[in-house]
Amino acid sequence: MHARFQPLPSQKRSQEAYDTAQALRDRPGEWAHIETLANLNRATNLGYRIRTGMHAAFRPAGAFDATARSAGDGTADLYARYIGVPGTPPREGEQADDSQQ
């Protein structure tokens, strides 16, 4: 064992997730396919993390909606949309849309 002193590397975050979240914010209320995952369980789990703000790129909690659909070949597609920050009025040009399409 040895000790080598050096600055701690910065934590790397997925820029792709932040870019995806921004793209959804740019088109509020519109569903978009954002990921294909290995199975429905993984897609559902990621959707939950997006809806609850556990995934940092999709904060604050409740600002995004997400749902998973089976692709029929064992994989699953994840769809998401930006619905706005809970408790704030929609921005100009946004529609308050609570329907699941």
Side-chain angles (χ1 to χ4, degrees):
M1 229 190 280
H2 69 279
R4 180 178 56 193
F5 293 91
Q6 63 187 48
L8 186 63
S10 64
Q11 290 183 335
K12 296 182 181 180
R13 295 185 176 182
S14 170
Q15 186 60 44
E16 185 177 0
Y18 287 90
D19 293 344
T20 298
Q22 185 57 52
L24 295 173
R25 284 185 190 96
D26 291 343
R27 296 178 70 168
E30 291 185 54
W31 287 102
H33 176 271
I34 62 167
E35 188 78 60
T36 298
L37 291 113
N39 58 54
L40 189 57
N41 186 50
R42 287 186 179 186
T44 301
N45 183 293
L46 181 55
Y48 172 80
R49 291 173 47 81
I50 287 171
R51 286 190 311 276
T52 59
M54 292 174 68
H55 196 303
F58 297 92
R59 290 183 183 152
F64 293 86
D65 193 7
T67 188
R69 298 287 191 264
S70 176
D73 61 357
T75 64
D77 294 317
L78 183 62
Y79 296 85
R81 66 180 175 168
Y82 177 71
I83 55 176
V85 178
T88 60
R91 295 182 301 190
E92 186 176 328
E94 277 186 24
Q95 294 180 14
D97 180 32
D98 295 326
S99 65
Q100 293 274 338
Q101 295 178 354

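In this structure, Glu35 and His33 approach most closely via the heavy-atom pair O-NE2, 3.3 Å. Closest of all the heavy-atom pairs between Leu24 and Ala32 is CD2-CB, 3.7 Å. For the pair Trp31 and Ala66, the tightest heavy-atom approach, listed with the atom from each and the gap, is CZ3-CA, 4.2 Å. Across every non-hydrogen atom of Ala68 and Ala43, the tightest pair is CB-CB, 3.6 Å.
In this structure the side chain of Asn45 never reaches within 4.5 angstrom of the side chain of Leu37, judged on heavy atoms.
The distance from atom OH of Tyr48 to atom NE2 of His55, rounded to the nearest 0.5 Å, is 14.5 Å. Separation of atoms CZ (Arg42) and OG1 (Thr75) is listed at 12.0 Å; rounding is to 0.5 Å. If you take CZ on Phe58 and CZ on Arg25, they are separated by 8.0 Å, rounding to the nearest 0.5 Å. Between the CG atom of Asn39 and the OG1 atom of Thr44 there is a distance of 8.5 Å, given to the nearest 0.5 Å.
Side-chain N or O atoms of Arg69 include none that pairs as donor or acceptor with a backbone N or O of Asp77 at under 3.5 Å.
The residues Asp65 and Arg81 are annotated as salt-bridged, a charged nitrogen and a carboxylate oxygen being separated by less than 4.0 angstrom.
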For this session: Take Asp26 and Gln22 through the side chain to side chain contact (heavy atoms under 4.5 Å, CB included) test and state the conclusion after the steps.
Result: CA-CA 6 Å; Asp26 291 343; Gln22 185 57 52; 2.8 Å; yes

For this session: For the pair Ile50 and Leu78, evaluate side chain to side chain contact (heavy atoms under 4.5 Å, CB included) and give the outcome as yes or no after the intermediate values.
Result: CA-CA 11 Å; Ile50 287 171; Leu78 183 62; 4.0 Å; yes

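In the hydrophobic cluster analysis, where Ile, Leu, Val, Met, Phe, Trp and Tyr join through side-chain heavy atoms closer than 4.5 angstrom, Phe64 is grouped together with Val85.
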